[in-house]
Amino acid sequence: MTRGESRKLRWRLTLGLELLTSVLAVPLAVLFIIAAGAYDFNKAIALIGSSTIALLSSYFFPTVRFLYLGKLLSNLEPANWEKLNTKGKVEVKRKLLNFPLLNSGFYLIQWSYGIPTAWKLMHFFFIPQFFESAPFLLLPLIIYPTLGISHFFLTESVLAEVLESDRLNGLPLEEKDIRKVSIFARIISTIASITLLPVVIFGYLLLEETSGWLKLGDVTLALSLTILFMVITLTISSYLLAASIRRNSKNMMNAFVEMSQGELDILLPMVSTDELGRSSKMLNDFVKRLRIVVKTVMKESEKLSQSSKVLEERTKDLSLKMQEQAASTEQMSSGVEEIAASIQSTSSRAESQSDTVEQASASLAELEDRIRNVHTSLMDTKNDAERMRLETSNGESALQSTRDAMAEIESNTAKMEASVNVIHEITDRIGLLSLNAAIEAARAGEAGKGFAVVAQEISKLGEQTQENAKRIRATLAEAVKATNSGREVLGNTEVAFRRIGDTAQNTSERILQVSSLSESQLVASAQVKNAFSELIRSADEIRNHTKEQSQTSLEFSKTIGSISEATEFLNGIVNDIDSLAEKLAHQASSLKKEVEFFKT
């Protein structure tokens, strides 16, 4: 508001209020006094003059009101308005809302000054009697109610234009800061003033008529004018009350019309301190909250629409994934069944392998025992061959001494026959040993080929030893027969004994070789036995593991079946969610369209 607009509004308000005072209230008061006091023409002119002077001198109070309102409205000028903080701006609005009630004090002071002043000024023209002064006492009952109501409603109507401005409309105001004048008080006050005015005027006139103080016929003109101005005053008071109510009702009706059209960006001005004015504040608070709610709903509906679309896309992707997963679980279930069957077959083979390994281990233990027996026999043969070598050496010594004593030759030949028998038994044992070795080598298969060669050599050695034993026996027989001619054949016998010693030496060496081989074979068989033990343990572990794997695969197959069923169930749920997502998207779109009706 500029300074010129402020001055214009103040002049309009001041002129309006003073017109109510000067054109309605003062004439009505003067006419009532003239009629009720039965003033003649001269006294009436004196009363009018006194009232005019009192009225002009009372303009001091409207001047103060004019300046005070100007100071208050100067805060709305752009330069001053920008300097005020929020609290100062709210204070300006509060004072403007309470100004109509404050103005009642101005007019009460003005009339409380004007009535006594007019009565005193009238004494300069004539000294009024009691019945001529008595109507002055009734003026507060006649003028104050109607003029107060008119002043209040007119002031509120003029300042409503300021309160409806954008600067003041949006400012929040606490209920406690407002001096409330309820609709009930307004209506009752208006009705009381309208009722009191004719009651006091006509009642007092009837009292004078009945008491004989006054004849109404003498004041017909004044009484008629009094009634006219009374009707005008009552009409204006009623109109101002109706205008005040109509202004608030119109503002609310416009607000409701705009709200019915979806317009929520409205701000209803608070132009009065009654329930309607305060309702505008409550309605503004409600619309503000409703605007926030609608904006929130619009944002959420937009988010809901986007989320529902995303949910719809995700559910479609999820449905495809669930179908793929269902197919994968079917394939996995088939694969697990095949794996379970394979594991079962492996378990059966592991059990068969374990039995075979146990049998092989038992055969190996038996073979080891037999090799140990062969080794023992070879060691015995070795000892016998060593003894034979020593005996042949002793025989050689004996042959050396046969030249001295033939008798000793006979005894030695007897011993040699016994030795020959021993050799013959050894050769028999060697033959049996070589036969057993050949049999065991045949049983051993590839691993016994080397041992078969040794057995063959032992067999050959046995045959040679047997032949040598036969020769020795024949030689001994010849030696016995030729004891007498022993000297002649001593050389041959010595040679024969040398051969036997060499043969025994060779036999002993070969037996040592066979013994070494048998010891190596024992070591190898022990290693093989240990390997078979490890193989048995491994076979047992494989069998146990395959059993566990078989059980695990069966449980896994059941789990896959459960997963397949759950996948089918989830697939159905996903389809339902997909349908719900489509419905949700449709509902979100509908909600968004409905909410977009409101303009925030």
Side-chain angles (χ1 to χ4, degrees), residues 17-52 54-55 58 104 107-108 110-112 114-119 122 126 128-154 184-243:
L17 294 175
E18 295 312 312
L19 283 175
L20 289 175
T21 300
S22 303
V23 177
L24 294 179
V26 173
L28 178 62
V30 170
L31 290 173
F32 171 71
I33 292 173
I34 292 173
Y39 284 20
D40 57 15
F41 180 77
N42 293 326
K43 291 181 178 180
I45 294 298
L47 177 62
I48 293 171
S50 300
S51 300
T52 302
L55 176 63
S58 68
S104 300
Y107 96 87
L108 285 174
Q110 183 180 5
W111 276 86
S112 298
I115 294 173
T117 301
W119 181 75
M122 195 172 59
F126 69 95
Q129 299 180 3
F130 172 77
F131 295 105
E132 293 175 340
S133 299
F136 281 92
L137 299 175
L138 297 177
L139 287 181
L141 296 176
I142 297 173
I143 301 302
Y144 283 12
T146 56
L147 188 60
I149 293 297
S150 301
H151 273 226
F152 182 86
F153 289 140
L154 180 60
F184 177 80
R186 292 167 185 248
I187 294 175
I188 292 298
S189 299
T190 303
I191 293 174
S193 65
I194 291 173
T195 304
L196 186 63
L197 181 61
V199 168
V200 172
I201 292 176
F202 291 118
Y204 184 76
L205 293 176
L206 289 175
L207 178 64
E208 287 184 329
E209 178 69 24
T210 55
S211 63
W213 298 343
L214 179 66
K215 297 296 181 180
L216 294 179
D218 297 336
V219 290
T220 303
L221 178 60
L223 182 59
S224 299
L225 292 174
T226 300
I227 294 173
L228 176 63
F229 276 95
M230 180 183 67
V231 171
I232 294 173
T233 302
L234 296 178
T235 301
I236 291 175
S237 299
S238 301
Y239 172 77
L240 291 175
L241 171 64

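Computed from a prediction, not measured in an experiment: that's the story for all the values here. Along the sequence shown, residues carry numbers from 1.
Among pairs with a residue in residues 28-37, none fulfils side-chain hydrogen bond (donor to acceptor under 3.5 Å, both in side chains), at least two apart in sequence or across chains.
Atom CG of Leu138 sits about 9.5 Å away from atom CD1 of Ile201, to the nearest 0.5 Å. Rounding to the nearest 0.5 Å gives a distance of 6.5 Å between OH of Tyr144 and CG of Leu108. Here the straight-line distance linking atom CZ of Phe153 with atom CZ of Arg186 works out to 5.5 Å at 0.5 Å rounding. Interatomic distance, Ser189 OG to Ile149 CD1, rounded to the nearest 0.5 Å: 4.5 Å. Of the inter-residue distances, the one linking Ile33 atom CD1 with Ser50 atom OG reads 10.0 Å to the nearest 0.5 angstrom.
In the displayed structure, Tyr239 atom OH is contacted under 6.0 Å by at most 12 heavy atoms of other residues, nucleotides or ligands.
A donor-acceptor contact shorter than 3.5 Å is absent between the side chain of Gln110 and the backbone of Tyr107. Judged purely by atom type and a 3.5 angstrom limit, Thr195 has no side-chain atom pairing as donor or acceptor with the backbone of Ala192. Looking only at distances, a side-chain donor or acceptor of Ser193 sits under 3.5 Å from a matching main-chain atom of Thr190.
Smallest separation of non-hydrogen atoms from Thr21 and Pro27: O-CD, 4.2 Å. When every heavy atom of Gly114 is checked against every heavy atom of Ala54, the shortest pair comes out as O-CB, 3.6 Å. Of all heavy-atom pairs spanning Pro135 and Gly37, the tightest one is CG-N, 4.0 Å. Minimum heavy-atom separation, Val30 to Leu47: O-CD2, 3.8 Å. Smallest separation of non-hydrogen atoms from Ala29 and Leu139: CB-CD2, 3.6 Å.
Thr146 has its side chain out of reach of Ile194: every pair of non-hydrogen atoms, C-beta onward, lies at least 4.5 Å apart. Contact check for Trp111 versus Val26: side-chain heavy atoms found under the 4.5 Å cut-off. In this structure, the side chains of Met122 and Pro128 come closer than 4.5 Å at one or more pairs of heavy atoms.
The aromatic rings of Phe126 and Tyr39 sit perpendicular, their planes meeting at an angle over 60°, well past the 30° parallel limit.
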I'd like to know whether Ser22 forms a side chain to side chain contact (heavy atoms under 4.5 Å, CB included) with Leu55, so could you lay out the CA-CA distance, the side-chain angles of the two residues, the decisive distance to 0.1 Å, and finally the verdict. CA-CA 8 Å; Ser22 303; Leu55 176 63; 3.5 Å; yes
Side chain to side chain contact (heavy atoms under 4.5 Å, CB included) between Leu197 and Leu141, worked out:
CA-CA 7 Å; Leu197 181 61; Leu141 296 176; over 6 Å; no
